[in-house]
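Both ligands and their constituent atoms are indexed starting at 1 by order of listing.
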Amino acid sequence: MTRLTITGGAGFIGSNFVRSALNRGYDITVVDAFTYAGNRANLEGLDVEVIEGDVADPDIARRAAQRGDTIVHFAAESHNDNSLKDPSPFVRTNILGTFELLQAALRNDVRFHHISTDEVFGDLEIDEPRKFNEDTAYHPSSPYSATKAGSDHLVNAWIRSFGLAATMSNCSNNYGPRQHVEKFIPRQITNILSGRTPKLYGSGLQVRDWIHVDDHNEAVLDILERGRIGQTYAIGADNDHVNNLQVIELICELMGAPGYEHVADRAGHDQRYAIDSSKIREELGWRPRFTDTETGMRSGLENTIAWYRENEDWWRPVKDHVESAYAQKGQ
Ligand code: NAD
Ligand code: TDX
């Protein structure tokens with residue numbers, strides 16, 4: 001296995017994955033529709049072939065399958081807040097796009113790895129000890145997570161009904177370089193860098209099991225190389241004790257910012273996500289590298305803040321537009 005087709009490779013996690021995979025010696029084709037979330041600058045200077053197109057188009061899905069030995073499927077509409085405003089692109093890309101790629105992978109005898117999320121499991125109470133694992137029942141809350149859940153079910157059906165050689169991973173919230181400024185952590189960093197006040201939804205007591213994007217992507221490469229076909233792996237970095245309030249306070253401390261403000265809460269806001277990643281740790285020996293005892297996030301946030309400081313040209317052109325859309329919603 002030397003040639004990977006990476007869908008969504010111009011987005012946040014996909015473009016960091018391209019870098020990690022190039023480091024491990026793979027040849028790469030990126031298939032991306034370059035939506036608002038896909039950025040050509042994310043691939044600048046990298047030795048990759050790029051096919052521009054929509055994975056829900058059967059012809060693009062066929063070309064994706066014919067370019068590699070394995071499809072790694074990152075392409076998705078990924079932002080919960082956007083899915084509350086207009087769910088239709090989520091249904092098209094996340095469900096129909098995954099369907100077309102599965103059909104193309106099957107017809108062309110190509111291995112498939114599906115990138116999914118812990119949000120398909122719904123949410124946990126703030127203080128319950130339970131975590132999500134590979135056997136947790138699906139209970140998605142938002143149009144985004146419901147369409148990701150639908151795509152996961154398709155993958156499992158294609159494995160069982162048609163014998164597709166596929167694997168899947170469900171990861172917790174990622175952060176790191178090249179994440180769109182609509183998302184929580186880059187939004188706050190760039191708020192501070194552009195003289196705005198960081199914005200916390202509601203109480204800020206919600207918990208996300210934050211993981212640095214490079215740790216997620218190393219896990220995906222381990223699954224591609226050593227994972228068992230037909231299996232799902234849950235990926236997380238054991239940060240399920242850190243709430244949004246603590247994350248924003250740490251960002252303010254690291255950046256010397258005076259404080260933050262509470263804004264309107266998200267409708268149907270999931271309270272807590274927590275991942276039990278013992279399967280991938282025990283079977284494949286994977287471990288996150290960005291960890292520290294205090295919050296588990298200090299070193300990863302320092303790395304991320306440094307990237308946004310050094311790459312203002314990357315985020316500045318879209319920042320005002322994103323903030324005016326949030327302002328219209330009282331956020
Ligand atoms: P992103 O929004 O930053 O990037 C998505 C990419 O997909 C963009 O390059 C976009 O242009 C492309 N794309 C969108 N629709 C497309 C289509 N129809 N055809 C081809 N390309 C299309 O997303 P991200 O945060 O990098 O997430 C990548 C994947 O990881 C998604 O499947 C997401 O569900 C999953 N995931 C994300 C997180 C997270 O915290 N961000 C956590 C777990 C899982
Ligand atoms: O300005 C903000 N203030 C705030 O308090 C924003 C944008 C978010 N939040 C809160 C909402 C969530 O509790 O921060 C938390 C994280 O929000 P997002 O970055 O929007 O992520 P989330 O909705 O948790 O989903 C993310 O993780 C799982 C990704 O966007 C998904 O693609 C992934 O599947």
Side-chain angles (χ1 to χ4, degrees), residues 6-17 30-40 42-43 51-57 60-61 64 72-84 89-90 92-94 96-98 100-101 114-120 123 140-142 144-145 147-148 151-152 169-176 178-188 191 198-213 216-217 220 235-236 243-245 247-248 260-266 268-273 275 322-323 326 329 331:
I6 302 176
T7 73
F12 161 49
I13 307 178
S15 65
N16 285 293
F17 182 81
V30 166
V31 179
D32 202 294
F34 294 96
T35 68
Y36 81 97
N39 191 334
R40 286 185 190 280
N42 288 347
L43 298 171
I51 297 175
E52 179 168 355
D54 177 353
V55 293
D57 172 346
I60 294 294
V72 191
H73 179 35
F74 288 91
E77 285 292 333
S78 70
H79 194 38
N80 275 299
D81 290 330
N82 296 345
S83 80
L84 299 171
F90 289 76
R92 178 176 168 84
T93 293
N94 300 2
L96 193 58
T98 303
E100 292 296 350
L101 287 167
H114 184 57
I115 302 291
S116 193
T117 170
D118 59 0
E119 296 197 17
V120 297
D123 65 348
S141 317
S142 71
Y144 163 66
S145 53
T147 56
K148 289 298 290 187
S151 68
D152 290 13
S169 48
N170 294 84
C171 188
S172 53
N173 284 60
N174 285 220
Y175 69 99
R178 301 176 193 82
Q179 186 168 28
H180 197 281
V181 296
E182 68 189 355
K183 303 283 176 23
F184 179 52
I185 287 178
R187 183 179 182 208
Q188 312 317 329
N191 275 350
K199 307 280 192 291
L200 193 61
Y201 289 178
S203 66
L205 297 179
Q206 295 77 16
V207 171
R208 300 292 183 262
D209 194 344
W210 292 102
I211 183 171
H212 191 279
V213 64
H216 176 190
N217 285 332
V220 173
I235 305 170
N243 65 31
N244 293 343
L245 196 65
V247 174
I248 223 166
Y260 55 87
E261 62 180 294
H262 292 267
V263 294
D265 208 349
R266 172 183 286 171
H269 200 167
D270 278 349
Q271 292 303 301
R272 173 170 163 266
Y273 306 141
I275 283 269
V322 168
E323 287 308 314
Y326 273 125
K329 299 188 293 173
Q331 292 179 321

Got the closest protein heavy atom to atom 9 (O) of ligand 1, with its distance? Asp32 OD2, 2.6 Å

Return a yes/no value for Ser78: is any of its N or O atoms, backbone included, closer than 3.5 angstrom to an N or O of ligand 1? yes

Determine whether Asp81 and Tyr326 make a side-chain contact, defined as any pair of heavy atoms from C-beta on separated by less than 4.5 Å. yes

Taking both backbone and side-chain atoms of His216, is any N or O found less than 3.5 Å from an N or O belonging to ligand 1? no

Find the distance between CZ (Arg92) and OG1 (Thr147) and round it off to the nearest 0.5 Å. 13.5 Å

What atoms of ligand 1 come within less than 4.0 Å of a heavy atom belonging to Gly38? 8 (C), 9 (O), 10 (C), 11 (O)

Would Val55 count as a polar contact of ligand 1, with the cut-off being nitrogen or oxygen pairs under 3.5 Å? yes

Work out which heavy atom in Val72 is nearest to a heavy atom in Val220; give both atom names and the distance. CG1-CG1, 4.2 Å

Nearest 0.5 Å please: distance from the CG atom of Asn174 over to the CD1 atom of Ile13. 3.5 Å

Kindly compute the distance separating CZ (Arg272) from CG (Asp123), expressed to the nearest 0.5 Å. 10.0 Å

Quick one: does Pro89 get a heavy atom under 4.0 Å from ligand 1? no

Hey, is ligand 1 close enough to Asn39 that some N/O pair sits below 3.5 Å? no

Describe, in one word, how the ring planes of Tyr36 and His180 are oriented to each other, choosing from parallel (under 30°), tilted (30 to 60°) and perpendicular (over 60°). perpendicular

Can you give me the closest heavy-atom contact between Leu101 and Ala64, atom names plus distance? CD2-CB, 4.0 Å

4.5 Å side-chain heavy-atom contact, Asn82 and Glu182: yes

Taking 4.0 Å as the limit for heavy-atom contacts, which would you say applies to Tyr175 with ligand 1: side chain only, backbone only, both, or neither? neither

Measuring from His269:NE2 to Ser203:OG, what's the distance to the nearest 0.5 Å? 8.0 Å

Close approach, Cys171 and ligand 1, non-hydrogen under 4.0 angstrom: yes

Taking N or O atoms only and a 3.5 Å limit, does Ser116 qualify as a polar contact for ligand 1? no

In chain-and-number order, ligand 2 lies under 4.0 Å from a heavy atom of each of Ser78, His79, Asn80, Thr117, Glu119, Tyr144, Asn173, Glu182, Lys183, Phe184, Arg187, Gln188, Lys199, Leu200, Tyr201, Gln206, Arg208, Asn244, Arg266, His269, Tyr273, Tyr326

Output, in order, the C-alpha distance, side-chain angles, deciding distance and verdict of salt bridge (charged side-chain N to carboxylate O under 4.0 Å, His left out) for Arg40 and Glu52. CA-CA 11 Å; Arg40 286 185 190 280; Glu52 179 168 355; 2.5 Å; yes

Can you pull out the closest protein heavy atom to atom 34 (O) of ligand 1? Residue, atom name and distance to 0.1 Å, please. Tyr144 OH, 2.6 Å

Does Lys148 have a non-hydrogen atom less than 4.0 Å from ligand 1? yes

Would you call the rings of His73 and His114 parallel, tilted or perpendicular, where under 30° means parallel and over 60° means perpendicular? tilted

Residue, atom name and distance, where the atom is the protein heavy atom closest to atom 28 (C) of ligand 1: Phe74 O, 3.5 Å

Could a heavy atom of Asn173 be found less than 4.0 Å from some atom of ligand 1? yes

Can you tell me which residue and heavy atom of the protein come closest to atom 26 (O) of ligand 1, and the distance to 0.1 Å? Ile13 N, 2.8 Å

How far is atom 35 (C) of ligand 1 from the closest protein heavy atom, and which atom is that? Ile115 CG2, 3.8 Å

Nearest heavy atoms of Asn80 and Ser142, plus distance in Å: OD1-OG, 2.5 Å

Please say whether Ala75 places an N or O atom under 3.5 Å from an N or O atom belonging to ligand 1. no

Starting from atom 25 (O) of ligand 1, find the nearest protein heavy-atom neighbour and note its residue, name and distance. Phe12 CD2, 3.6 Å

For the atom pair OG (Ser169) and CG (Asp118), what is the distance rounded to the nearest 0.5 Å? 11.5 Å

What about Tyr36: any of its N or O atoms under 3.5 Å from an N or O on ligand 1? no

Tell me, do Tyr144 and Thr117 make a side-chain contact under 4.5 Å, heavy atoms counted? yes

Taking N or O atoms only and a 3.5 Å limit, does Glu77 qualify as a polar contact for ligand 1? no

shortest atom 42 (C) of ligand 1-to-protein heavy-atom contact is with Ser172 O, 3.3 Å

Here the atoms of ligand 1 under 4.0 Å from any heavy atom belonging to Asp54 are 17 (C), 18 (N), 19 (N)

Evaluate the criterion side chain to side chain contact (heavy atoms under 4.5 Å, CB included) for residue pair Tyr175 and Val247; output intermediate values, then yes/no. CA-CA 12 Å; Tyr175 69 99; Val247 174; over 6 Å; no

What do you reckon, does Thr117 have a nitrogen or oxygen under 3.5 Å from a nitrogen or oxygen of ligand 1? no

So how far is it from His79 NE2 to Phe184 CZ, rounded to the nearest 0.5 Å? 11.5 Å

Cation-aromatic face contact Arg208/Tyr273, 6.0 Å, 45 degrees: yes

Ligand 1 and Gly9, any nitrogen or oxygen pair closer than 3.5 angstrom? no

Shortest protein contact, atom 40 (O) of ligand 1 (heavy atom only): Asn174 N, 2.8 Å

For Ile275 and Ser172, work out which heavy atoms get closest and say how close. CG1-CB, 4.1 Å

